[in-house]
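Below is one structure; the comments refer to it alone.
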Amino acid sequence: MSATEQPAPANKANTDDDGMSWWYRWICKIGGVIGGISCAVAGVWNCVTVNPLNIAAGVWMVLNACVLFLCEVPFCCQFIDFANAVAARADRLKPWQKAIFYCGMALFPVFLSFSITTLFGNAIAFATGVLYGLASLGKKGDAVGYARLQHEKQADEEKLTGTTDGEPQ
């Protein structure tokens, strides 16, 4: 390495800016894994038919499972060369983008072939999208801040009406 070449900085995606705590991030990842398993099992089961729409929905569900595994747990797909690149790109997505992607991905087979197998097979993958959607709403406020806002609101209303402590002036 010459003196003019600089080592490339590590391109680590900062996941702390999305407002998700570590335990909620793990819940979402576990939901993605369980959703992938349920999609895969229900997708294979859905393919055991002669109806072409059921087969198409089953194949889509198996692809959903592969995408969920690639995005959430890339170490399960070590034999795929681009698994880490897909996981790094998925980690850079905002939670609302993951929510739309996972929910849309889970709804497509249900619209393609409406059955109990597609409903229950995609339910957990859809729930993972809902979890990411809830994460995009952000953290709820603390009780102290809320009480302070309520006290300020009450003081402002008292100033407007000209009353303090319930006594008219």
Side-chain angles (χ1 to χ4, degrees), residues 7-49 51-146 149:
N11 190 8
K12 182 181 178 227
N14 187 6
T15 57
D16 294 335
D17 62 350
D18 59 6
M20 292 173 60
S21 60
W22 65 270
W23 58 268
Y24 195 80
R25 187 172 285 114
W26 274 100
I27 287 174
C28 291
K29 288 203 178 284
I30 290 170
V33 170
I34 295 172
I37 291 170
S38 71
C39 275
V41 170
V44 170
W45 181 258
N46 211 24
C47 285
V48 183
T49 184
N51 187 354
L53 287 177
N54 283 352
I55 294 171
V59 169
W60 188 271
M61 290 169 66
V62 172
L63 289 175
N64 285 352
C66 291
V67 169
L68 281 169
F69 286 140
L70 279 174
C71 292
E72 297 296 330
V73 284
F75 61 85
C76 290
C77 305
Q78 291 179 354
F79 55 90
I80 299 175
D81 294 334
F82 57 88
N84 289 332
V86 171
R89 188 174 185 115
D91 283 341
R92 286 193 304 259
L93 291 175
K94 292 181 174 44
W96 67 268
Q97 293 169 328
K98 278 188 176 181
I100 291 172
F101 181 64
Y102 287 167
C103 289
M105 201 171 59
L107 284 177
F108 184 73
V110 174
F111 290 139
L112 193 60
S113 172
F114 186 77
S115 67
I116 298 295
T117 308
T118 56
L119 277 176
F120 288 134
N122 289 305
I124 301 174
F126 186 82
T128 302
V130 169
L131 285 173
Y132 276 113
L134 289 174
S136 70
L137 294 176
K139 294 180 180 178
K140 67 178 188 173
D142 60 340
V144 175
Y146 183 72
L149 285 174

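All values below come from the heavy atoms of this structure, side chains included, with hydrogens, waters and symmetry mates left out. Throughout, residue positions are numbered sequentially from 1 according to the sequence presented.
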Point to revise | Inter- and intrachain pairs under side chain to side chain donor-acceptor pair (under 3.5 Å), touching residues 54-68, at least two apart | key: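 Only N54-S113, W60-N64 qualify under side chain to side chain donor-acceptor pair (under 3.5 Å).
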Check your understanding: Can you list every pair that meets side chain to side chain donor-acceptor pair (under 3.5 Å) and has a residue in residues 118-128, with sequence neighbours left out?
Key -> S115-T118
At their closest point, which heavy atom of [X] faces which heavy atom of [Y], and how far apart are they?
X: A90; Y: K98; answer: O-CE, 2.9 Å
X: T49; Y: I55; answer: O-CD1, 3.6 Å
X: G121; Y: A42; answer: CA-CB, 3.5 Å
X: C28; Y: L131; answer: SG-CB, 3.8 Å

Return the [atom1] to [atom2] distance between [X] and [Y], rounded to the nearest 0.5 Å.
X: M61; Y: C66; atom1: CE; atom2: SG; answer: 12.5 Å
X: L68; Y: I124; atom1: CG; atom2: CD1; answer: 11.0 Å
X: F114; Y: L119; atom1: CZ; atom2: CG; answer: 4.5 Å
X: N46; Y: N51; atom1: CG; atom2: CG; answer: 9.0 Å

Point to revise | Side-chain donor-acceptor pair present, Y102, E72, cut-off under 3.5 Å | key: yes
Would you please name every residue forming a side chain to side chain contact (heavy atoms under 4.5 Å, CB included) with [X], sequence neighbours left out?
X: V62; result: V44
X: F101; result: V67, M105
X: V130; result: C103, F126, L134
X: I30; result: I34

Review point. With a 4.5 Å heavy-atom cut-off, do I37 and F69 have their side chains touching?
Key: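 When only atoms from C-beta onward are counted, F69 and I37 do touch, with a gap below 4.5 Å.
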